[in-house]
Amino acid sequence: MIKIDELIKKSFYYVSNVKKGTLTIIDSLCNTILKEIPIGKRPFKLALKDNNTIAVACDMSNTISLVNCISGEIEKKSLPNNGNFQIDTINKKIYVSNTSEVNIYDINLEKLLGSIKGFSAIIDLRLNKEGSKLYVLDTLQKELKIYSTDSYKLINSFENLGINPAYLLISKDDKTAYISMQHNILKIDIDLKIFTNLNLSKGSLIAGMVLKGNTLYAANQGLNRIELINTENYKVYNFILTSKPEPTRLFITDDNTKLLVSNRSNESYGSIDIIDLESNTLIGSILMDTLNSQPYDVISLSLPYTYAPPVAITNLQGSNQSITIMAKKVFALYKENINFTKININLPKNINSSYMFEKIKFEPGIIVQHSEFRSRLSLGSEFSSINFIIRVNYIIDYRENNKNHKTNGFFEKPIDTFLDIPKERDLKEFKLNIKTTTKLTRTPNIINNGISFGVTSLMVLKIIGDDEINLNNLKQINDKESGNFEEFAAFNGSIFPNDIIQPFK
């Protein structure tokens with residue numbers, strides 16, 4: 001077995017809880033809450049300061065907390081703010097809103113670099129991709145202003161936006177602004193200064209938006225659903241119902257496979273919904289631990305881990321015999337045990353309710369759409385890597401006060417394999433075939449309105465492609481059927497030790 005050191009990352013979800021004043025940390029692979037940490041009074045917006053640090057703006061305590069997600073250290077900076085801020089990681093600046101002004105600090109919040117004044121009520125801030133422009137939305141003045149981040153001077157403005165502008169989104173090309181106006185969404189062509197209004201269904205209240213391709217996802221807090229809007233014809237073409245009321249903020253994961261939705265659920269238990277972006281369906285929901293915690297913002301952070309993945313050695317030499325046929329052949333076989341010793345699923349915490357576990361059903365594993373990536377390690381190398389995410393969905397049947405209920409969930413794992421493939425073979429020629437066998441390692445148990453269990457899933461991956469087979473020498477091929485690939489069944493462990501990785505040491 002050849003070992004190649006490979007740096008991989010595991011993602012964690014971080015959720016600010018406005019009422020409780022905490023930051024919830026969630027394992028993204030099994031969707032289990034790991035811990036909650038006190039962060040400040042009324043935490044709102046979250047942003048990444050660097051690869052290991054999350055910044056949290058708390059308006060009531062007038063602090064911005066810097067959380068080191070590896071060491072667990074929390075550094076609180078006393079700065080006036082209204083919960084809104086933007087971090088420019090390229091130019092090393094932080095823009096902090098204090099309702100009537102924007103203060104600009106260095107990336108470590110140690111030095112005030114400048115201020116932009118003259119606002120009535122800043123409701124949202126945005127930076128463009130390069131960090132060269134700052135967009136400021138003033139809800140009382142009903143105005144969008146654009147500033148140069150070099151001189152802090154006004155370079156453009158849009159007045160008379162309408163009633164109650166509340167949320168701002170800027171397209172990646174800097175040409176379009178989307179502003180939620182309570183019952184409608186205003187689209188602005190920044191260069192041409194053309195306004196287009198999208199009127200929504202009665203009762204709508206848009207709280208957050210994100211863009212993916214030609215689809216604008218809008219969190220409709222009034223109707224408890226996510227609106228899907230085609231940005232080309234600017235029409236709603238579908239919607240996704242959320243598991244809990246009041247969807248507030250949206251976040252697309254780094255791999256572009258999932259949409260995370262924070263559901264505020266005032267006076268109840270909020271949740272984080274997970275929507276598959278390929279099918280636009282709800283595939284899982286993570287219930288918060290505390291009543292009326294009011295989850296607000298959610299982001300994802302990937303932390304690095306190093307391991308030595310196995311290499312499947314492949315012999316893809318063609319036959320020199322005169323009589324051959326083309327056939328499908330397994331060129332490499334890879335096995336891995338996916339272990340999660342503890343998965344916790346919160347159930348609705350209703351007063352005077354009793355719960356009883358019935359059964360759990362595991363679906364066959366699938367490769368997450370658009371997660372597959374194939375590449376050569378170098379131009380001259382015959383080693384190639386195939387990476388993807390495997391997902392196993394499950395359905396849990398339980399009884400609440402003798403009434404039948406179901407809850408859906410899933411766990412995932414990033415898979416990295418290395419193949420010894422000659423340069424003349426195109427990686428696109430090969431197909432991946434996976435099969436999973438999932439078993440419980442710990443009997444599901446309901447404690448304090450939550451189901452806890454452990455699982456192991458044996459994944460068998462086959463690399464399949466076309467090859468020439470000599471009809472005159474089938475016996476020899478059968479005798480040497482294992483000679484065309486090398487199986488590394490010894491690598492049965494998880495790429496993450498013990499399958500429980502805490503984001504804090």
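Computed from a predicted model, the values in this text were never measured in an experiment.
Cation-pi geometry between Lys342 and Phe453 is not satisfied (NZ or CZ under 6.0 Å from the ring centre, within 45° of the ring normal). Annotation: cation-pi geometry not satisfied between Arg126 and Tyr135 (NZ/CZ under 6.0 angstrom from ring centroid, within 45° of ring axis).
Side-chain contact between Phe119 and Thr99 is absent, with no heavy atoms from C-beta onward closer than 4.5 Å.
Using a 30° and 60° split on the angle between ring planes, Tyr234 and Tyr178 fall in the tilted class, from 30° to 60°. The aromatic rings of Tyr152 and Tyr95 sit perpendicular to each other, their planes meeting at more than 60°, with 30° as the lower class boundary. Between Tyr296 and Phe44, the ring planes are perpendicular. Angles over 60° get that label, and only those under 30° would be called parallel.
Remark: the backbone N or O of Val96 is not paired with any side-chain donor or acceptor of Asn103 at under 3.5 angstrom. For the pair Asp106 (side chain) and Lys111 (backbone), a donor-acceptor distance under 3.5 Å is present. With hydrogens and angles ignored, the 3.5 Å screen pairs no side-chain donor or acceptor of Asn17 with any backbone N or O of Lys20. Distance alone, capped at 3.5 Å, is enough to place a donor-acceptor pair between the Asn401 side chain and the Ser354 backbone. Put simply, the side chain of Lys35 never gets that close to the backbone of Leu23: no donor and acceptor are under 3.5 Å apart. Here the side chain of Ser180 pairs a donor or acceptor atom with the backbone of Tyr167 at under 3.5 angstrom.
Smallest separation of non-hydrogen atoms from Tyr355 and Asn449: CE1-ND2, 2.8 Å.
Checked against a 6.0 Å centroid threshold, the rings of Phe340 and Phe411 count as neighbours.
Around NZ of Lys193, the count of heavy atoms belonging to other residues, nucleotides or ligands within 6.0 Å exceeds 12.
Considering Asn263, Asn220, Leu223 as possible partners of Thr242, the one that fulfils the side chain to side chain contact (heavy atoms under 4.5 Å, CB included) test is Asn263.
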